[in-house]
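In listed order, ligands and their atoms are each counted from 1. Just so it is clear, the values below take in all heavy atoms, side chains as well, and ignore hydrogens, waters and symmetry mates. Just so it is clear, the model here is predicted, and its values are computed rather than measured. One-based numbering along the sequence shown.
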Amino acid sequence: MRRPLPDRGAPWPQVKAQMLELAQGDVRWREGKTAVYVFNAGADVEQVQKEAYVLFMSENGLGPAAFPSLRQMEAEVVGFGLELFHAPAEAAGVITSGGTDSISMAVKAARDHARKVRGVQGRLNIVLPRSAHPAFDKACAVMEIEVRRTPLHGYLADAASMAAAADGSTVMIVGSAPNFPYGLVDPIAALSELAVERQLWLHVDACVGGYIAPFVRLDGAEIADFDFVLPGVRSISADLHKYGYCAKGASTVFFRSAELFQLMAFDVRDWPGGRMVTPTLAGTRPGGAIAAAWAVMQFLGVDGYRRKHALVTDARRRIEAGVEALGFTVLGRPQLGIVAFTREDVDCVALWAKLRERGWFTGVTTEPKSLHLMLSPIHAQVADQYLADLEWALGAVAGPTEAEARYS
Ligand SMILES: Cc1ncc(COP(=O)(O)O)c(C=O)c1O
């Protein structure tokens with residue numbers, strides 16, 4: 001709908017008041033009743049994100065020579081990721097704007113590898129477990145690559161089905177750590193074996209798990225290997241703006257070697273503006289997002305991440321026990337921050353809607369219909385309240401029908 005710009009500008013206090021008024025209708029995520037879209041690590045982290053973002057809000061990651069500050073911060077953030085994911089010395093990576101961006105860039109590099117290095121002609125394909133994120137479909141749509149989704153086994157990627165689906169035109173196979181619908185880490189070791197045996201490019205989508213799994217492992221969780229320790233893994237996406245608790249607009253993508261990393265970049269010379277080399281799809285890259293990522297990582301350190309993530313684990317365990325006591329079944333064995341649970345005799349989508357009446361905004365998984373929570377540290381404070389409200393919603397949704405109630 002067309003709309004005229006106001007003829008005259010308004011004073012900032014008035015504009016700000018309007019914005020706060022608009023926000024009245026938004027979910028109250030600061031109170032912990034949101035378990036999707038927002039990662040709430042607490043007011044301390046939020047303050048660091050905000051102030052660091054504002055300090056570098058106008059600076060541009062497109063110009064590392066002009067902003068050596070950003071170049072250094074990005075190099076350090078990438079370095080932390082390489083260290084966390086046991087990357088070999090020749091590995092490389094970059095900050096992107098988000099998971100979809102990181103995944104698209106990895107697909108682009110793998111596509112170029114298939115064409116330029118392996119010399120594959122004709123239509124290309126990618127082999128994905130059914131649970132892999134739609135960001136891959138988006139990348140494949142843009143690059144005209146066929147998507148082959150394979151069935152799951154116990155909510156996890158099935159290496160045998162993926163092996164059957166892959167062929168000489170496969171540019172990439174994918175495993176998630178964890179997948180979004182169930183929060184479960186795929187058997188990456190088995191996929192790595194397949195990748196090594198058939199010389200396939202294995203991408204690990206650790207957008208959700210990358211910045212939580214290494215820390216909960218330090219706290220004793222037995223997380224199976226999912227990173228460059230496994231020889232078949234050629235690239236990894238890991239989002240800073242999810243369990244890295246950084247400001248939005250920040251993810252990382254890593255490649256096993258500098259040669260693979262080079263396949264991602266764009267180098268354009270044939271125009272009047274001079275040579276332009278950009279590592280990712282973006283031209284301008286927000287300095288604020290890079291700076292906030294660096295600042296949050298400095299602020300938390302290993303110790304801070306362990307403390308914040310321990311709250312997530314605590315919330316998840318209490319919620320798992322609580323929902324099981326209410327007759328639900330947890331799907332698989334979640335180990336990180338996502339949990340999905342179902343009850344065959346209840347319409348979980350109706351439950352989800354009922355819970356919204358009490359201010360909860362969470363997710364749903366559709367196969368099978370389940371409630372889905374992506375937990376943050378704040379949820380350790382509200383887990384009991386969630387369980388009490390779930391019990392209430394269960395009573396309301398699974399209770400007597402209107403007719404039964406009238407005649408009882
Ligand atoms: C497993 C997984 N991969 C990729 C993405 C895409 O990330 P983004 O929304 O930052 O583009 C998501 C988003 O939730 C995800 O859960």
Side-chain angles (χ1 to χ4, degrees), residues 29 34-40 49 77 81 85 93-108 110 126 128-142 147 149 152 155-157 172-188 191 202-213 223 226-227 233 235-254 280-282 285-286 288-290 292-293 296 312 316 331-332 334-340 361-367 370 372-376:
W29 61 269
T34 305
V36 60
Y37 304 131
V38 179
F39 294 80
N40 183 346
Q49 287 177 353
V77 168
F85 303 137
V94 71
I95 294 185
T96 72
S97 67
T100 303
D101 194 351
S102 288
I103 286 169
S104 301
M105 297 319 296
V107 171
K108 190 262 184 204
I126 284 192
L128 301 173
R130 186 153 174 72
S131 54
H133 194 271
F136 291 96
D137 299 73
K138 202 185 266 189
C140 288
V142 172
V147 178
R149 283 193 180 258
L152 304 179
Y155 306 115
L156 296 171
M172 177 186 267
I173 61 170
V174 175
S176 308
N179 57 45
F180 180 80
Y182 310 104
L184 304 174
V185 179
D186 283 330
I188 307 295
L191 300 184
L202 171 59
H203 177 84
V204 175
D205 179 10
C207 280
V208 169
Y211 292 105
I212 179 170
I223 312 277
F226 67 92
D227 60 23
V233 176
S235 54
I236 298 178
S237 47
D239 289 356
L240 296 159
H241 63 197
K242 293 193 172 77
Y243 284 103
Y245 303 133
C246 301
K248 287 208 172 29
S251 169
T252 41
V253 61
F254 304 98
T280 69
L281 201 57
R285 293 193 301 145
I290 296 169
V296 168
V312 175
R316 200 200 69 239
L331 305 183
Q335 296 175 292
L336 302 171
I338 291 180
V339 57
F361 201 107
T362 65
V364 283
T365 288
T366 53
E367 298 174 6
S370 316
H372 177 282
L373 305 175
M374 188 149 67
L375 300 165
S376 297

Going by the atom numbers of ligand 1, which of them fall below 4.0 Å from some non-hydrogen atom of Val208?
1 (C), 15 (C), 16 (O)
Using a 4.0 Å cutoff against the non-hydrogen atoms of Cys207, which atoms of ligand 1 qualify?
2 (C), 3 (N), 4 (C)
Here the atoms of ligand 1 under 4.0 Å from any heavy atom belonging to Thr100 are 6 (C), 7 (O), 8 (P), 11 (O)
I want to know if ligand 1 touches Asp205 in the polar sense, i.e. an N/O pair below 3.5 angstrom.
yes
Look only at the side chain of His372 and the backbone of Phe180, and say whether a donor-acceptor pair between them is shorter than 3.5 Å.
yes
Under 4.0 Å from a heavy atom of His133: which atoms of ligand 1 are those, numbered in the order shown and with their elements?
2 (C), 3 (N), 4 (C), 5 (C), 6 (C), 12 (C), 13 (C), 14 (O), 15 (C), 16 (O)
If you draw a 6.0 Å radius around CZ in Arg149, do more than 12 non-hydrogen atoms from other residues or ligands fall strictly inside?
yes
For Asp239, counting its heavy atoms only, list the atoms of ligand 1 lying under 4.0 Å from any of them.
7 (O), 10 (O)
Which segment of Asp101 sits under 4.0 Å of ligand 1 when only heavy atoms are counted:
neither
Under a 3.5 Å distance rule, please check whether Ser104 uses its side chain to pair with a backbone N or O of Ala139 as donor and acceptor.
no
Tell me whether Lys242 reaches ligand 1 (any heavy atom closer than 4.0 angstrom to a ligand atom).
yes
Checking side-chain hydrogen bond (donor to acceptor under 3.5 Å, both in side chains) for the pair Ser102/Ser251: CA distance, chi angles, key distance, verdict?
CA-CA 7 Å; Ser102 288; Ser251 169; 2.6 Å; yes
Is the shortest heavy-atom distance from the side chain of Ile103 to the side chain of Asp205 under 4.5 Å?
yes
Are any of the N or O atoms of Gly99 closer than 3.5 Å to those of ligand 1?
yes
Pull out every atom of ligand 1 sitting under 4.0 Å from any heavy atom of His241, numbered as shown with elements.
10 (O)
Residues forming a side-chain hydrogen bond (donor to acceptor under 3.5 Å, both in side chains) with Tyr211, sequence neighbours excluded:
Thr252
Are Asn179 and Leu184 close enough that some pair of their side-chain heavy atoms sits under 4.5 Å apart?
yes
